[in-house]
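The structure appears right after this line, and notes come after that.
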Amino acid sequence: MFCRYFCFFSLCLFLLTQRRCSLGHIPNLHGSDTTSLPGFENLTVGYNKYLRPYFGGEPVQIAMSLDIASISSISESDMDYTATIYLRQRWTDPRLVFHGNKSFTLDARLVELLWVPDTYIVESKKSFLHDVTVGNRLIRLFSNGTILYALRITTTVACNMDLSKYPMDTQTCRLQLESWGYDENDVIFTWLRGNDSVHGIEKLRLSQYTVERYYTLVSKSQQETGSYPRLILQFELRRNVLYFILETYVPSTLLVMLSWVSFWITLDSVPARTCIGVTTVLSMTTLMIGSRSSLSKTNCFIKAIDVYLGICFSFIFGALVEYAVAHYSSSQKCAAKAPEEGPANELTKEMEEVNITNILHSSITSYKRKISFTSVEISSDNVNCSDLTMKTHEKIKCVLRNKMHRIIGYFTIQNPSNVDHYSKLLFPLFFMVVNVFYWAYYLYF
């Protein structure tokens with residue numbers, strides 16, 4: 001039995017020797033290939049990825065830089081923007097120092113073996129790391145232990161917007177980077193080269209906005225668990241107003257001017273003036289609804305465009321009301337003339353009979369007194385309140401009655417055609433004055 005096992009072991013050893021000879025020499029794992037990349041054995045020998053560099057000592061300084069590849073959308077309804085960025089982080093890990101002055105780009109999957117900062121994007125609603133065709137990450141190791149860690153990220157970040165001056169507004173948005181778990185005693189965030197650490201943002205071409213300026217800030221986030229380092233990229237976006245001028249402001253202004261055409265049409269042309277007034281009112285209403293539907297979730301704001309559309313609607317509605325007032329006054333005046341003609345003829349006949357009777361039966365003095373009394377009684381609306389025989393309360397009533405007649409007389413339209421005449425001048429003048437104040441306020445204040 002023992003001889004059988006000994007023969008089998010000898011046969012296996014012989015076959016193994018023959019296989020080594022046929023494959024050639026196997027390189028030494030600790031030979032030149034490994035010594036050309038010294039320090040890599042530390043990833044498996046004595047390296048703990050769960051402990052930061054300088055653990056228990058000074059904080060790790062992490063320098064960052066950004067490339068803004070694109071800002072694909074800016075939503076006023078959701079108050080956020082979506083951007084694709086290249087985030088680069090640099091720090092030094094003395095446990096990975098090796099001799100030489102070379103740098104080596106490693107497979108991105110080796111990041112699982114290294115300690116990396118726990119950086120996150122503040123106020124991010126959703127983010128993802130690109131993974132076509134592989135995960136878009138880069139690891140580069142330098143001889144002094146410096147590590148470059150780069151990521152390609154698409155993120156949707158909240159941006160609080162003030163839409164009170166929409167569409168002549170300028171919005172300020174931020175991209176904030178912060179450490180999630182390490183406070184300022186463990187890590188320190190810095191921009192690599194200040195404002196020059198951010199690239200690409202000045203070359204962006206957005207559909208509705210223009211990047212006015214941007215700058216970087218270094219801040220701290222004070223929370224209950226400690227003070228955490230934070231880097232801030234702040235940029236200002238100015239909205240391009242030309243689109244809204246052509247889309248909303250010009251049509252609404254033309255509708256207001258169209259409503260003024262009715263002032264040149266006679267009061268007797270009821271269908272023509274009514275058609276212009278109603279059509280412009282309905283068209284303006286449709287324009288207002290369309291403007292607000294594009295920003296349905298921001299209707300709590302009273303925006304600049306809403307103010308202008310409200311002004312235009314007021315002028316259009318005022319032109320319609322002006323015709324109603326002028327036409328009503330004209331019809332009242334025509335109705336008042338018709339019944340006045342009949343009593344005037346009867347009164348003339350009665351006066352002639354009275355005059356003949358008085359000539360025959362009275363003196364000339366009594367005739368004049370009666371005529372004078374009759375004319376005062378018929379034609380005078382105002383009663384003489386200075387009569388000494390009147391009581392005090394009667395005098396007060398008399399004075400108030402006379403003042404009311406005067407006030408009503410001020411607002412009584414004697415010539416309805418003058419309403420259109422004055423409207424031709426006052427409506428355009430007031431509209432121009434309101435426009436001057438509107439554009440001056442929203443553009444310069």
Centroid separation Tyr166 to Phe244 less than 6.0 Å: yes

Just wondering, do Ile245 and Val250 contact through their side chains at under 4.5 Å, heavy atoms? yes

Keeping the roles fixed (side chain from Asp118, backbone from Gly181), state whether a donor-acceptor pair exists under 3.5 Å. yes

Going by atom types only, do Arg238 and Thr170 share a side-chain donor-acceptor pair under 3.5 Å? no

Any chance CH2 of Trp264 has more than 12 other-residue heavy atoms, nucleotides or ligands included, within less than 6.0 Å? yes

Report yes or no: does Arg273 contribute a side-chain atom to a donor-acceptor pair with the main-chain N or O of Ile265 at less than 3.5 Å? yes

Check the pair Asp169 / Lys303 against salt bridge (charged side-chain N to carboxylate O under 4.0 Å, His left out), numbers first and verdict last. CA-CA 10 Å; Asp169 55 330; Lys303 302 179 285 294; over 6 Å; no

Using only heavy-atom distances, determine whether the side chains of Asp268 and Thr266 contain a donor-acceptor pair under 3.5 Å. no

On a heavy-atom basis, which atom in Pro167 and which in Arg239 lie closest, and how many Å separate them? O-CD, 3.5 Å

Could you report the tightest heavy-atom contact between Leu217 and Trp191, atom names first, then the distance? O-NE1, 3.0 Å

So do Ile74 and Gln171 actually touch side chain to side chain, heavy atoms under 4.5 Å? no

Tell me the closest heavy-atom pair linking Thr172 and Glu236, and the distance in Å. OG1-CG, 3.7 Å

For the ring pair Tyr182 and Trp91, is the centre-to-centre distance below 6.0 Å? no

In terms of ring plane angle, is the pair Phe128 and His130 parallel, tilted or perpendicular, where the classes change at 30° and 60°? tilted

Worked verdict on Leu204 versus Phe235 for side-chain contact (heavy atoms from CB on, under 4.5 Å): CA-CA 12 Å; Leu204 293 179; Phe235 52 95; over 6 Å; no

Nearest 0.5 angstrom please: Trp439 CH2 to Leu443 CG, how far? 6.5 Å

In this structure, CG of Leu426 is separated from NE2 of His421 (nearest 0.5 Å) by 9.5 Å

Can you name the closest pair of heavy atoms from Arg292 and Asp306 and give their distance? NH1-OD2, 3.1 Å

Under the rule for disulfide bond (SG atoms under 2.5 Å apart), what residues qualify as partners of Cys312, not counting sequence neighbours? none

Between Asn195 and Thr216: side-chain donor-acceptor atoms closer than 3.5 Å: yes

Answer whether the closest heavy-atom distance between the side chains of Ile153 and Thr84 falls below 4.5 Å. no

Is the gap between the ring centers of Tyr209 and Tyr81 under 6.0 Å? no

Supply the atom-to-atom distance Leu138 CG to Asp107 CG, rounded to the nearest 0.5 angstrom. 10.5 Å

Note, Leu96 side chain near Tyr47 side chain (heavy atom, < 4.5 Å): yes

Does the side chain of Ser227 reach to within under 4.5 Å of the side chain of Asp183, using non-hydrogen atoms? no

Flag, side chain of Lys49 to backbone of Glu112, donor-acceptor distance under 3.5 Å: yes

Side chain of Ser197, backbone of Leu192: donor and acceptor closer than 3.5 Å? yes

Quick check: do Pro117 and Ser179 have side-chain heavy atoms less than 4.5 Å from each other? no

Going by atom types alone, do Arg140 and Ser103 pair a side-chain donor with an acceptor below 3.5 Å? no

Run the numbers on Phe263 and Glu322 for side-chain contact (heavy atoms from CB on, under 4.5 Å), then give the verdict. CA-CA 9 Å; Phe263 301 151; Glu322 181 272 343; 3.2 Å; yes

Walk me through it: do Tyr442 and Tyr438 pass the test ring-ring contact (aromatic ring centres under 6.0 Å, His included)? CA-CA 6 Å; Tyr442 283 107; Tyr438 174 86; 4.9 Å; yes

Got a second to check how far Thr82's OG1 is from Ile71's CD1, nearest 0.5 Å? 9.5 Å

Closest heavy-atom contact between Glu202 and Arg205? O-NH1, 3.8 Å

Between the side chains of Gln89 and Thr119, does any donor sit under 3.5 Å from an acceptor? yes

Can you spot which of Val198, Leu231, Leu66, Val122 makes a side chain to side chain contact (heavy atoms under 4.5 Å, CB included) with Leu175? Leu66

So, the side chain of Arg90 versus the backbone of Ala63: is there a donor-acceptor pair under 3.5 Å, distance only? no

Working to the nearest 0.5 Å, report the span between CZ of Arg137 and CG of Leu151. 7.5 Å

Using every non-hydrogen atom in the two residues, find where Trp115 and Pro53 come nearest and quote the distance to one decimal. CE3-CD, 3.4 Å

Would you sort out whether Tyr243 and Gln208 count as a side-chain contact (heavy atoms from CB on, under 4.5 Å), showing the intermediate values? CA-CA 8 Å; Tyr243 167 79; Gln208 290 190 18; 5.5 Å; no

Polar contact flag, side-chain donor to acceptor under 3.5 angstrom, Thr210-Asn240: yes

Any sub-3.5 Å donor-acceptor pair from Arg193's side-chain atoms to Ser65's backbone N or O? no

Carefully, step by step, assess Asp78 and Lys125 under the rule side-chain contact (heavy atoms from CB on, under 4.5 Å). CA-CA 11 Å; Asp78 298 327; Lys125 295 182 178 181; 4.2 Å; yes

Backbone N or O of Tyr50 within a donor-acceptor pair of the Asn48 side chain at under 3.5 Å? yes

Please check if the number of heavy atoms outside Tyr422 that lie under 6.0 Å from its OH is greater than 12. no

Any side-chain to backbone donor/acceptor pair from Ser293 onto Gly290? Under 3.5 Å, distance only. yes

Contact check, side chains of Phe142 and Thr92, non-hydrogen atoms, under 4.5 Å: no

Examine distances only and state if a side-chain atom of Arg52 and a backbone atom of Tyr54 form a donor-acceptor pair shorter than 3.5 Å. yes

Less than 4.5 Å apart, side chain to side chain, heavy atoms only: is that true for Leu267 and Val419? no

Short side-chain to backbone donor-acceptor contact, Ser331 and His327, under 3.5 Å: yes

If you round to the nearest 0.5 Å, how far is OG1 of Thr155 from CG of Leu87? 11.0 Å

Could you tabulate the donor-acceptor pairs under 3.5 Å formed by side-chain atoms of residues 251-261, not counting sequence neighbours?
unit_1 : atom_1 : unit_2 : atom_2 : d
Ser252 : OG     : Thr248 : O      : 2.9
Ser252 : OG     : Tyr249 : O      : 2.9
Thr253 : OG1    : Tyr249 : O      : 2.8
Thr253 : OG1    : Tyr308 : OH     : 2.7
Ser259 : OG     : Val256 : O      : 2.5

